[in-house]
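Following: one structure in structure tokens, then a few remarks.
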Amino acid sequence: MALRTVDEHLAAILEAITPVPALEVAVLEARGAVLAETVTATVSLPPFDNSAMDGYAVIAADVAAASAETPVTLPVIGDIAAGEPAVEAIRPGMCARIMTGAPMPAGGDAVVPVEWTDGGTASVRISKSAPPGHYIRRSGEDVTAGQRVLAAGTRLGAAQVGMLAAVGRAQVAVRPRPRVVVLSTGSELREPGLPLGHGEIWDSNSYMLAAAAAEAGAVGYRETTLADEPAKVIEAIEDQVTRADAIVTSGGVSMGARDVVKEVLTGRVTFSKVAMRPGKPQGFGVLGERTPIFTLPGNPVSAYVSFQVFVRPALRALQGLPPEPPTLVTASLTEPVTSPAGLRHFMRATLTFDEGRYSVAPAEAQGSHQLAALAAANALIVVPDDVDSLPAGAQVDVMRLP
Ligand code: AMP
Ligand code: MG
């Protein structure tokens, strides 16, 4: 079987992804989701002219002559607190005490900050003049009525959630964070926390991949590990088709005698050999109406790299976001590397930034079972498919790890 390139495999995946349907959620639930509508302001913000300071609402002409030597004294006709505009208007020769965010009274055209006064409550001595408009926040200075404040396709962080509330929205249409369910297969797998028998290992992949899904902006779930029994494995997968927005399996897709995932999904999932190391055996398909399934190899480093290279971009597509090339940094190799010709090699590495330039040191342990080297790494060196060796000092592309 001819190898598929990494780019071909990713393109085939992205082609087959249907974004998760949009739904209405409460604004606070929308954090991390992608906006599925254009949000416009129905009113201007601020909705009314208001004071930018605690001080006194005045008529600028009344205080034009005020100075430290010639202070102006005005009667205070009342207080205007935010949300309690007891004084609605002032006339020449009067003023009102006003708090930040409180509406300007009709007639008033400037705010004198309290620091420029004696702070009086019945009358106030003002020792500095304020020009018209001083410390007034005008209606519409933030947003005008009808203005678009958020575009469809925006991922909603804290500031955007605040904006939704500021324009009075309680509900909003979003594509929610995809629910990613991870199923680990392997009769040798035990749950962490339980003792190991001979020939057994603790399941690390389902934890790692569920965490990677969360890092990618999705919601990661895991199920109890599955023994290599076809009936159980297919039942567990079928169970998730309508619940999950994406299914990720680990293990059981290579060339062994008991490659259970391949066995139960052949015909529904395309199994390919991809020109990469680690992560050569890959499978991808769509189950039910729109549930993508990624069958990743079981070696932990292979599973992790496959996730970053294929599943992460697919999760963006599931949220209706356009593809985004991986953010690569160019770094100088600290030592020579060799790489299998014809395969894109993702090498675990440590990226450092020193004196204005990046350098990258490949980890010694590059085996796909060597999770410790991955856990100690902060980057992957991407050695191009057609390169089989690179000298120390060569400039290479490096993917930072989340
Ligand atoms: P497989 O792809 O099922 O042939 O597994 C390849 C290797 O990865 C074997 O050494 C497995 O024991 C190991 N492996 C498979 N699944 C997991 C897992 N969930 N956690 C840790 N190691 C695993
Ligand atoms: Mg296995």
Side-chain angles (χ1 to χ4, degrees), residues 1 3-4 9 180-216 220-237 239-240 244 246-266 268-285 293-312 340 343 346 348 363 365-377 401:
M1 187 172 27
L3 297 192
R4 260 188 183 186
H9 189 57
V180 178
V181 176
V182 184
L183 302 170
S184 275
T185 68
S187 296
E188 74 280 28
L189 302 177
R190 285 294 164 267
E191 294 291 335
L194 298 179
L196 287 184
H198 178 63
E200 296 177 345
I201 58 172
W202 285 299
D203 167 26
S204 52
N205 289 353
S206 65
Y207 291 91
M208 176 174 66
L209 296 170
E215 283 179 349
Y221 301 93
R222 67 175 290 278
E223 292 284 314
T224 311
T225 59
L226 295 163
D228 293 314
E229 292 167 29
K232 288 201 173 139
V233 170
I234 193 63
E235 189 192 341
I237 291 171
D239 235 28
Q240 296 301 334
I247 301 171
V248 175
T249 66
S250 105
V253 292
S254 45
M255 303 298 278
R258 300 179 71 186
D259 280 321
V260 67
V261 172
K262 205 173 195 176
E263 184 183 325
V264 302
L265 289 173
T266 293
R268 300 168 74 189
V269 161
T270 306
F271 292 94
S272 318
K273 289 205 170 92
V274 177
M276 65 191 285
R277 174 178 292 174
K280 199 189 229 179
Q282 296 287 335
F284 173 77
I293 180 165
F294 302 83
T295 67
L296 308 185
N299 274 307
V301 181
S302 311
Y304 181 88
V305 170
S306 306
F307 184 96
Q308 301 303 343
V309 174
F310 301 121
V311 184
R312 199 180 169 93
L343 302 184
F346 296 91
R348 278 64 75 203
Q366 294 290 339
S368 59
H369 59 299
Q370 291 174 303
L371 187 52
L374 175 65
L401 296 179

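Both ligands and their constituent atoms are indexed starting at 1 by order of listing.
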Q | Side-chain touch L209/S250, heavy atoms, less than 4.5 angstrom | A | yes
Closest approach of [X] to [Y] (non-hydrogen atoms, all atoms of both residues):
X: P230; Y: E263; value: CG-OE2, 3.4 Å
X: P192; Y: W202; value: CA-CD1, 3.4 Å
X: S204; Y: L371; value: OG-CD2, 3.9 Å

Closest protein heavy atom to [atom], given as residue, atom name and distance to 0.1 Å:
atom: atom 12 (O) of ligand 1; result: E188 OE2, 2.5 Å
atom: atom 7 (C) of ligand 1; result: N299 OD1, 3.3 Å
atom: atom 17 (C) of ligand 1; result: N205 ND2, 3.3 Å

Short list, please: which atoms of ligand 1 are under 4.0 Å from a heavy atom of [X]?
X: I201; answer: 12 (O), 21 (C), 22 (N), 23 (C)
X: S250; answer: 16 (N), 19 (N)
X: S184; answer: 19 (N)
X: D203; answer: 18 (C), 19 (N), 20 (N)

(Q) Using 30° and 60° as the class boundaries, would you call the ring planes of H9 and F284 parallel, tilted or perpendicular? (A) perpendicular
Q: Please state whether S254 comes within less than 4.0 angstrom of ligand 1, counting heavy atoms only.
A: yes
Under 3.5 Å, which donor-acceptor pairs link side chains of residues 300-311 to any protein atom two or more places apart or in another chain?
from	atom 1	to	atom 2	distance (Å)
Y304	OH	Q308	NE2	3.3
S306	OG	Q282	NE2	2.7
S306	OG	S302	O	2.6

Q. Taking atom OG1 of T249 and atom CD1 of I237, what is their separation to the nearest 0.5 Å?
A. 6.0 Å
For ligand 1, note which part of [X] has a heavy atom under 4.0 Å away: side chain, backbone, both or neither.
X: S204; result: both
X: H369; result: neither
X: T225; result: neither

Q.
Are there over 12 heavy-atom neighbours, none belonging to E215, within less than 6.0 Å of that residue's CD?
A. yes
Q.
Tell me the nearest of G298, G252, S368, P300 to atom 16 (N) of ligand 1, using heavy-atom distances.
A. G298
